[in-house]
Structures are given as C-alpha cells and as structure tokens.
Amino acid sequence: MPHVIIASTNPVKERAARGAFERLFPGQTFTIAGVSVPSGVSVQPFTSAETRQGALNRARAAAEARPDADYWVGIEGGVEPEGDGLAAFAWVAVISAGGQVGLSRSGTFFLPPRVAALVRAGHELGAADDLVFGRSNSKQEEGAVGLLSGGVIDRAGLYQHAAVLALLPFKNPELYAEPGD
C-alpha cells in the first residue's frame with residue numbers, strides 16, 4: 001500500500017491529494033498523512049516562479065521530515081499581477097521515493113479588486129477573503145475560488161485537478177523516462 005505524505009496539515013490540501021491519487025490510480029489504496037513543513041518562500045507568494053518553488057520546497061521538506069513514504073506532495077497557492085488584475089492559482093509538486101518529480105499548475109482566476117487590494121497591501125489571500133466575505137478560515141474550506149463560484153469549484157477541486165496532472169509521470173513512467181534510462 002503506497003504511503004503518501006502531504007506537505008501540509010490543511011484538510012483542503014489532503015482532500016485534493018487523496019482525490020488525485022484515487023482518481024488516477026483506481027483500485028489502489030493509499031495511506032495518506034500530513035506534515036507541517038515550511039515553504040521557504042513568502043507567506044503569500046507573489047509570482048508563479050515563487051509559488052512553484054514553494055510547492056517544490058514543501059515536497060522536499062516533507063521527504064526530509066518523513067523519509068519513510070513513497071510519495072511527497074507539496075501544494076502552494078500564489079498570486080501574480082496580470083495587467084491591472086491579480087491572478088490566483090496553485091502549483092503542485094510530487095516527488096517519488098525514486099526521486100522522480102511531477103509538476104503542474106492549477107487553473108487561474110482573477111481576484112475581485114477589493115480582495116486584490118488587500119493582498120497587495122500585505123494580507124495573505126485567505127485572510128483577505130475572510131475580511132471581504134465575512135468568513136473565518138476560508139482557506140481550510142472552500143477558498144477564494146469556492147466563495148467566488150458559489151461552490152461550483154472549491155479550493156480542493158482546483159488543487160485536485162493540478163495534482164492529477166502532476167501525477168502523470170507516475171501514471172506513465174515509461175513515457176517520462178529520460179532517453180538512455
């Protein structure tokens with residue numbers, strides 16, 4: 001039974017990773033646990049590159065903290081200025097015990113101006129959402145995308161799609177092998 005460590009104790013990230021593994025590898029059973037590790041980037045990453053690095057850093061830190069697993073998953077949400085707006089997205093990094101890495105970025109959506117202004121002023125996206133929407137700890141529930149879409153797409157669903165794509169090298173190892181391997 002493959003053992004997966006999620007580089008977070010946020011239940012949203014655990015649901016996303018669990019769903020991705022179960023969807024891409026039907027019939028397999030996975031043991032999944034979370035571990036709190038630092039991202040090594042800003043609390044609110046402000047570029048795609050910084051967000052990607054945060055996901056990789058989290059997966060690597062989880063591997064150091066819990067080396068007994070088969071896979072380590074880092075999920076990092078970030079924002080990036082796009083024109084006059086602020087785009088939100090996440091990066092997912094999966095590392096296997098053999099050292100293979102899978103990466104993917106989620107879909108992107110634009111934040112409402114009031115939320116974007118708070119994020120630009122230094123608030124983490126989850127805190128900005130809570131202020132604008134009158135919520136508490138929305139980042140461990142539906143997140144900005146869930147609040148904005150009325151639950152049509154929630155944070156776990158947004159992350160799960162990217163996690164499935166990050167797992168493609170593990171679903172098709174022969175296609176992702178380096179020539180000469």
Linked, directly or transitively: [X] and [Y] (ILVMFWY side chains, under 4.5 Å):
{"X": "Leu56", "Y": "Phe89", "answer": "yes"}
{"X": "Val41", "Y": "Val37", "answer": "no"}
{"X": "Val12", "Y": "Val73", "answer": "yes"}

What pairs with Phe170 under ring pair (Phe, Tyr, Trp, His ring centres under 6.0 Å), at least two apart in sequence or on another chain?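 Per chain and number, Phe170 pairs via ring pair (Phe, Tyr, Trp, His ring centres under 6.0 Å) with Tyr71.
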
Going from [atom1] on [X] to [atom2] on [Y], what distance comes out if it is rounded to the nearest 0.5 angstrom?
{"X": "His123", "Y": "Asp130", "atom1": "NE2", "atom2": "CG", "result": "11.0 Å"}
{"X": "Leu111", "Y": "Asp129", "atom1": "CG", "atom2": "CG", "result": "7.0 Å"}
{"X": "Phe133", "Y": "Arg114", "atom1": "CZ", "atom2": "CZ", "result": "8.0 Å"}

side-chain contact (heavy atoms from CB on, under 4.5 Å) involving Thr47 - partner list, sequence neighbours excluded: Ala49, Glu50, Glu80

Can you tell me if Lys13 uses its side chain to pair, donor with acceptor, with the backbone of Ser8 under 3.5 Å? no

Whether the side chain of Trp91 engages the backbone of Gly78 through a donor-acceptor N/O pair (distance < 3.5 Å, no angle test) should be reported. no

Less than 4.5 Å apart, any side-chain heavy atom of [X] and any of [Y]?
{"X": "Leu147", "Y": "Val145", "value": "no"}
{"X": "Asp70", "Y": "Val4", "value": "no"}
{"X": "Leu125", "Y": "Val115", "value": "yes"}
{"X": "Leu148", "Y": "Phe109", "value": "yes"}
{"X": "Gln28", "Y": "Met1", "value": "no"}

Strictly by side chain to side chain donor-acceptor pair (under 3.5 Å), give each pair with a member in residues 53-64 just once, sequence neighbours left out.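 Output for this query lists Gln53-Asn57, Arg58-Glu76.
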
side-chain contact (heavy atoms from CB on, under 4.5 Å) partner of Val35, the single match among Ile6, Ile5, Thr9: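 Looking at Ile6, Ile5, Thr9, the match for Val35 under the side-chain contact (heavy atoms from CB on, under 4.5 Å) is Ile5.
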
Which atom of [X] lies closest to which atom of [Y], heavy atoms considered:
{"X": "Ala93", "Y": "Ala59", "value": "O-CB, 3.9 Å"}
{"X": "Ala128", "Y": "Val119", "value": "CB-CG2, 3.9 Å"}
{"X": "Phe30", "Y": "Arg18", "value": "O-NH1, 4.2 Å"}

Side-chain polar contacts of residues 156-167 - donor-acceptor pairs under 3.5 angstrom, sequence neighbours left out - could you list them?
| residue | atom | partner | partner atom | Å |
| --- | --- | --- | --- | --- |
| Tyr159 | OH | Arg155 | NE | 2.7 |
| Tyr159 | OH | Arg155 | NH2 | 2.9 |
| Gln160 | OE1 | Arg23 | NH1 | 3.2 |

Test side chain to side chain contact (heavy atoms under 4.5 Å, CB included) applied to Leu86 and Phe46, step by step: CA-CA 9 Å; Leu86 195 60; Phe46 229 83; 4.0 Å; yes

Can you establish whether the number of heavy atoms outside Asn172 located under 6.0 Å from its atom CG is more than 12?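 Enclosed: over 12 neighbouring heavy atoms sit under 6.0 Å from CG of Asn172.
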
I'd like to check the side chain to side chain donor-acceptor pair (under 3.5 Å) partners of Gln44; sequence neighbours left out, ordered by chain and number.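 Not a single residue meets the side chain to side chain donor-acceptor pair (under 3.5 Å) criterion with Gln44.
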
Atom pairs and distances, donor-acceptor, side-chain atoms in residues 99-106, under 3.5 Å, two or more places apart:
| residue | atom | partner | partner atom | Å |
| --- | --- | --- | --- | --- |
| Arg105 | NH1 | Ser48 | OG | 3.0 |
| Arg105 | NH2 | Thr108 | OG1 | 2.9 |
| Ser106 | OG | Ala90 | N | 2.9 |

Assess whether side chain to side chain contact (heavy atoms under 4.5 Å, CB included) is satisfied between Lys171 and Phe25, documenting all intermediate values. CA-CA 8 Å; Lys171 177 77 170 178; Phe25 302 101; 3.9 Å; yes

